[in-house]
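Let me begin by presenting the structure, written as structure tokens, before commenting on it.
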Amino acid sequence: MAKAAATKLATTMAKTPLDTLVQARYADAIAQGALLFTDSTVSLQIEQDVNFEVRYVPALAKKPSSKPREKLMSSDFVNPFLPFDQRLHVKGLCGSHQLLLNKYCVVPYHLLITTAEFRQQGEPLTESDFAAVLATTSSLSRPQIVFYNSGEESGASQPHKHMQLLPMPEYLDAPPTVSMWMRSTPELGHTHVSRDLPFAHFGVRLDSSCASPSGLTAAYSAALKELTSAYSESTSYNMILTSTALMLFPRRSNSWEGISINSLGFAGLVLCKTTAELDLVKQLGVLNLLANVGHPALPNASSATQTFA
């Protein structure tokens, strides 16, 4: 199944050198047993005229979960990123980061960008972090969803700072929550909140003028300033980044009724471990689920807030 899924993705790409490298490393890691691909079943759930992805992954029920601080304090903690498994290594980035394959893979070519030296997961992203992201996304042919889990309630599981990249599903032009947010026609150069999303968020619309480390850092910093002003500097949050938007979602809980939610969940791509969770998401709805683990939508949300460009 892993080979078939990867082959389908690979054949849709006009390959770049990095595509070729990632695909070769992925195939080798699978063959060597270093990368564990997990089969899953995907269904689409339409809410507010947008397709949300609900993925059933029963193998996740067997995977132990803990928060970053719990892992770091554990006497038997081993940092999987320092040193990293050479079989999962794709390449170094900008002298400051490493590009790795995700060991536990539900979607082929799930990538991690880790800091070369230990930094705490949850620290604000920096210009060098965004430089590493752009060095990767600009060299891949397929659009990526970049995400960052920040804080104990964000769904993060590793204490070593890392961002993640997932190929955009072929049936989506953008993550579902980003598509809903874009309906409110956010202006360039502003943070923006939309009435269409029933939970707190802070977004910035991007174009080619923002496609630089400094441009993304400015957008991120503006959204983060709004978030910490509304809540606190210790508030957990999820970040979603695409070529057209950067969005932050403050968190009050990392799960609801046993359903764990990280940044991918707030992108509109939800993972369920059991049929009971799957049924619950279908009954409740993805947006209501996210509202239960996020903060309530801010009052008077409809217009641009902070100007930063």
Side-chain angles (χ1 to χ4, degrees), residues 16 18 50-51 93-94 97 99 111-113 124-150 154 162-170 172-197 199-230 237-250 262-269 290 294 298 301-309:
T16 66
L18 185 55
V50 173
N51 279 322
L93 297 169
C94 309
H97 292 73
L99 183 63
L111 297 171
L112 308 176
I113 295 176
L125 296 174
T126 65
E127 192 164 325
S128 66
D129 292 325
F130 285 113
V133 167
L134 287 174
T136 305
T137 57
S138 65
S139 299
L140 292 169
S141 60
R142 191 179 184 87
Q144 302 289 309
I145 302 173
V146 180
F147 57 102
Y148 181 58
N149 302 316
S150 177
S154 68
H162 64 288
M163 296 152 288
Q164 303 185 55
L165 295 85
L166 205 69
M168 186 78 69
E170 292 181 344
L172 295 178
D173 295 324
T177 52
V178 173
S179 293
M180 291 184 65
W181 178 78
M182 290 290 283
R183 290 174 177 172
S184 58
T185 59
E187 297 180 52
L188 289 168
H190 298 271
T191 55
H192 184 85
V193 176
S194 168
R195 284 197 182 101
D196 290 340
L197 293 174
F199 39 80
H201 61 278
F202 303 89
V204 178
R205 182 183 159 202
L206 305 174
D207 67 1
S208 58
S209 68
C210 304
S212 67
S214 61
L216 291 180
T217 303
Y220 166 77
S221 298
L224 185 59
K225 182 178 180 181
E226 291 287 314
L227 185 150
T228 56
S229 295
Y237 65 89
N238 297 116
M239 184 200 77
I240 295 295
L241 172 65
T242 70
S243 61
T244 59
L246 183 152
M247 298 191 68
L248 302 184
F249 304 91
N262 65 6
S263 291
L264 276 185
F266 270 90
L269 287 68
L290 298 180
L298 295 171
S302 65
S303 61
T305 51
Q306 180 188 357
T307 301
F308 67 91

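- Residues satisfying the side-chain hydrogen bond (donor to acceptor under 3.5 Å, both in side chains) criterion with Ser214, sequence neighbours excluded, are Ser212.
- A donor-acceptor distance shorter than 3.5 angstrom exists from the side chain of Gln144 to the backbone of Arg142, with no hydrogens or angles considered.
- Taking CD of Gln164 as the reference point, atom CG of Leu112 lies at 5.5 Å (rounded to 0.5 Å).
- Of the inter-residue distances, the one linking Glu226 atom CD with Leu248 atom CG reads 10.5 Å to the nearest 0.5 angstrom.
- Partners of Asp207 by side-chain hydrogen bond (donor to acceptor under 3.5 Å, both in side chains), not counting sequence neighbours, listed by chain and number: Ser209.
- Taken to the nearest 0.5 Å, the CG atom of Asn238 stands 11.5 Å off from the CE atom of Met247.
- Taking the side chain to side chain contact (heavy atoms under 4.5 Å, CB included) definition, one finds that Pro124 meets it with Tyr220, Leu224, sequence neighbours left out.
- Under the 4.5 Å side-chain criterion, counting only non-hydrogen atoms from C-beta, Trp181 is in contact with His192.
- Every residue was checked against the ring pair (Phe, Tyr, Trp, His ring centres under 6.0 Å) condition with Tyr148, not counting sequence neighbours, and none meets it.
- Residues that satisfy the side chain to side chain contact (heavy atoms under 4.5 Å, CB included) test with Ala200, not counting sequence neighbours, are Tyr231, Pro250, His295, Leu298.
- Applying the salt bridge (charged side-chain N to carboxylate O under 4.0 Å, His left out) definition to pairs two or more places apart or across chains, those involving residues 126-135 are Asp129-Lys161.
- The distance from atom CZ of Phe266 to atom CE of Met239, rounded to the nearest 0.5 Å, is 14.5 Å.
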